[in-house]
2 protein chains.
Amino acid sequence: MNRISDATITRLSRYYRSLVHLETQGQEMVSSKELAKRHKVTPAQVRKDLSCFGQFGTRGLGYSVCQLKETIAHILGLHRIWKVALVGAGSLGSALISYKEFKRQGFHIVAVFDNDPHKVGKKRRGLTISDITKLPKIVKELDINLAVVAVPTTAAQSVVDILVKAGLKMILNFAPETLKTPPGVTIRNVNMAIELEALSYRLVASEMSRLDGKPKLSSI
Amino acid sequence: MNRISDATITRLSRYYRSLVHLETQGQEMVSSKELAKRHKVTPAQVRKDLSCFGQFGTRGLGYSVCQLKETIAHILGLHRIWKVALVGAGSLGSALISYKEFKRQGFHIVAVFDNDPHKVGKKRRGLTISDITKLPKIVKELDINLAVVAVPTTAAQSVVDILVKAGLKMILNFAPETLKTPPGVTIRNVNMAIELEALSYRLVASEMSRLDGKPKLSSI
DNA sequence: GTCTGTGAAGAGTTTCACAGCT
DNA sequence: AGCTGTGAAACTCTTCACAGAC
């Protein structure tokens with residue numbers, strides 16, 4: 001088995017959402033063509049993605065919506081409950097606690113940390129905010145699997161160091177910074193500012209090409 | 001000029017942050033090697049990324065921190081003020097309003113929309129929430145450049161349709177769904193649930209390989 | 001010696017195209 | 001006929017390696 005690419009995993013997550021939707025619509029079979037259309041990819045891409053994990057379809061008919069949904073859920077570990085530690089109880093952190101999609105997919109925030117003495121001890125949606133120094137102990141006690149970092153950029157690296165020391169291997173980072181992690185620790189970044197900057201670049205590029213046929217290098 | 005890849009643009013955003021940091025540290029020159037190390041890429045990658053836009057370095061010396069920072073800001077359109085419409089005044093939307101990184105990079109949220117009559121008319125950080133039906137008018141009046149969609153999945157497609165009709169060409173979507181847009185409209189997705197699912201997959205995979213040397217296909 | 005800029009090679013990902021099953 | 005599964009081809013992105021500048 002080759003290593004599966006991140007792109008494939010991301011697409012599986014997306015297919016999964018379509019399958020859930022199709023199942024509620026009562027549709028029993030779905031073709032790679034139909035799934036592809038919903039996700040702006042080619043039918044061959046859908047089939048390749050799935051073929052990384054086995055053969056789930058029936059030639060001439062397509063895939064069983066229900067079976068494929070369950071299979072993907074299994075692959076992605078969505079049947080399991082993952083315990084999540086949230087670090088940072090600011091406005092973003094608080095929003096994440098209320099984000100229902102997390103719980104729906106089996107990601108349960110079971111502990112919240114901050115280093116602000118004004119916040120420690122307060123509650124957010126039934127969870128008491130703990131001091132960040134208590135993190136290693138609580139991670140062990142509650143058997144936490146992954147961490148979400150929602151702190152200001154300046155604090156992000158030191159938080160990640162604490163998480164790594166506490167033995168966590170999977171981190172979702174919301175700070176717009178590339179963070180250092182030792183091998184064996186996987187970090188994924190959600191980066192709102194960087195996404196906006198990509199849009200900004202396209203806006204500038206589209207304005208330039210509107211102004212004068214060819215984009216001008218010299219004008220940069 | 002070839003089309004620049006999204007990956008390159010994303011890395012430029014990251015380099016930019018490092019350059020800002022280095023400038024505050026008083027560092028005058030930086031090599032591709034040093035930038036690369038900070039971002040877990042190869043020095044060749046850094047040089048290739050920059051060479052898409054011109055020649056900014058000095059052989060033997062590296063790049064001027066200040067100049068390169070300004071150049072990237074220019075490429076990404078960060079010198080400009082972009083006017084942003086936010087749709088969805090729930091907990092995520094409210095968090096985005098307070099997210100300082102946006103404003104720092106020149107993305108100013110100038111209007112907030114929702115369809116909930118309980119929210120319309122209320123204020124969030126000095127901005128009055130408008131009814132979504134007023135969006136086309138306000139987008140014209142304020143000359144808004146891009147939109148951020150922070151509404152529940154079920155509402156996302158209809159919101160995007162409204163935005164497209166109002167003439168917006170650039171959309172940042174937080175709903176975990178692939179949305180349909182006509183050609184000429186660029187949509188980027190920030191997808192927290194999907195990122196967590198990628199981590200979940202790696203967790204499952206790492207557990208499996210720990211249990212029994214080779215990953216077993218049949219166990220899926 | 002140090003470091004950039006870049007063509008060429010290499011690696012990885014996507015698409016094509018068709019055999020094979022229903 | 002319709003659709004999957006997959007090797008091969010095409011394409012894209014990354015790394016190598018070295019000429020050329022300081």
Side-chain angles (χ1 to χ4, degrees), chain A residues 1-15 18-19 22 27-69 71-72 75 178 198 201 217-218 220, chain B residues 1-15 18-19 22 27-69 71-72 75 178 198 201 217-218 220:
Chain A
M1 189 160 97
N2 302 324
R3 191 183 187 277
I4 312 296
S5 76
D6 280 349
T8 293
I9 299 300
T10 303
R11 282 191 299 266
L12 285 186
S13 291
R14 296 184 179 280
Y15 302 157
S18 284
L19 291 164
L22 289 173
Q27 189 171 329
E28 295 197 357
M29 298 298 287
V30 66
S31 64
S32 59
K33 196 172 159 191
E34 184 177 354
L35 269 180
K37 203 175 160 195
R38 289 176 170 267
H39 296 280
K40 298 178 193 165
V41 295
T42 61
Q45 181 76 78
V46 174
R47 298 199 297 273
K48 259 271 152 65
D49 286 337
L50 297 174
S51 75
C52 294
F53 298 95
Q55 306 189 177
F56 310 120
T58 311
R59 292 170 191 216
L61 293 172
Y63 302 88
S64 150
V65 170
C66 173
Q67 266 181 38
L68 188 60
K69 192 200 83 182
T71 304
I72 295 180
I75 292 169
T178 310
Y201 167 74
L217 268 176
S218 56
I220 292 173
Chain B
M1 187 164 97
N2 302 322
R3 191 183 188 276
I4 313 294
S5 77
D6 280 348
T8 293
I9 298 300
T10 303
R11 281 190 299 267
L12 285 187
S13 292
R14 296 184 179 281
Y15 303 155
S18 283
L19 292 164
L22 289 172
Q27 188 170 329
E28 295 198 356
M29 298 298 287
V30 65
S31 65
S32 59
K33 195 173 157 190
E34 184 178 355
L35 269 181
K37 204 175 158 194
R38 289 175 170 269
H39 296 281
K40 298 180 193 163
V41 295
T42 62
Q45 181 76 78
V46 173
R47 298 199 296 274
K48 259 272 151 68
D49 286 338
L50 297 174
S51 76
C52 293
F53 299 94
Q55 306 188 176
F56 310 120
T58 312
R59 292 167 190 218
L61 293 173
Y63 303 88
S64 150
V65 170
C66 173
Q67 265 180 39
L68 188 58
K69 192 200 82 179
T71 305
I72 294 181
I75 292 169
T178 310
Y201 166 75
L217 266 177
S218 56
I220 291 172

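Numbers restart at 1 for each chain; the letters A, B, ... are given by sequence-line order, proteins then strands.
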Could you check how far [atom1] of [X] sits from [atom2] of [N], rounded to whole Å?
{"X": "A:Leu50", "N": "C:dT13", "atom1": "CG", "atom2": "P", "value": "17 Å"}
{"X": "A:Ile4", "N": "C:dG12", "atom1": "CD1", "atom2": "C1'", "value": "13 Å"}
{"X": "A:Leu35", "N": "D:dC3", "atom1": "CG", "atom2": "C1'", "value": "13 Å"}
{"X": "A:Lys33", "N": "C:dT15", "atom1": "NZ", "atom2": "P", "value": "16 Å"}
{"X": "B:Asp6", "N": "D:dT12", "atom1": "CG", "atom2": "P", "value": "13 Å"}
{"X": "A:Ile9", "N": "C:dT13", "atom1": "CD1", "atom2": "P", "value": "12 Å"}
{"X": "B:Phe56", "N": "C:dG5", "atom1": "CZ", "atom2": "P", "value": "8 Å"}
{"X": "A:Arg3", "N": "C:dG12", "atom1": "CZ", "atom2": "C1'", "value": "12 Å"}

### Task
Verify the contact: side-chain N or O of A:Gln55 to OP1 or OP2 of C:dC21, cut-off strictly under 4.0 Å; return yes or no.
no
### Query
Is there a side-chain polar atom (N or O) of A:Tyr63 under 4.0 Å from OP1 or OP2 of D:dG2?
no
### Query
What string of B, S and - do you get for nucleotides 14-22 of chain D, 5' to 3', when a contact is any protein heavy atom under 4.0 Å?
SBBB-BBBS
May I have the list of side-chain donor-acceptor pairs in residues 45-59 of chain B shorter than 3.5 Å, sequence neighbours left out?
unit_1, atom_1, unit_2, atom_2, d
B:Gln45, NE2, B:Asp49, OD1, 3.3
B:Arg47, NH1, B:Ser32, OG, 3.1
B:Asp49, OD1, B:Thr8, OG1, 3.2
B:Asp49, OD1, B:Arg11, NH2, 2.9
B:Asp49, OD2, B:Arg11, NE, 2.6
B:Asp49, OD2, B:Tyr15, OH, 2.7
B:Ser51, OG, B:Arg47, O, 3.4
B:Ser51, OG, B:Lys48, O, 2.9

### Query
Looking at CD of A:Gln27 and OG of A:Ser64, how far apart are the two atoms once the value is rounded to the nearest 0.5 Å?
11.0 Å
### Task
Nearest 0.5 Å please: distance from the CD1 atom of A:Ile4 over to the CG atom of A:Leu12.
8.5 Å
#### Entry: B:His39 to B:Ser18 - nearest heavy-atom pair and separation
NE2-OG, 2.6 Å
### Query
Which heavy atom of A:Ala36 sits nearest a heavy atom of A:Pro43, and at what distance?
CB-N, 3.5 Å
### Summary
Contacts satisfying salt bridge (Lys or Arg N to Asp or Glu O under 4.0 Å) that involve residues 27-37 of chain A (not counting sequence neighbours) are none
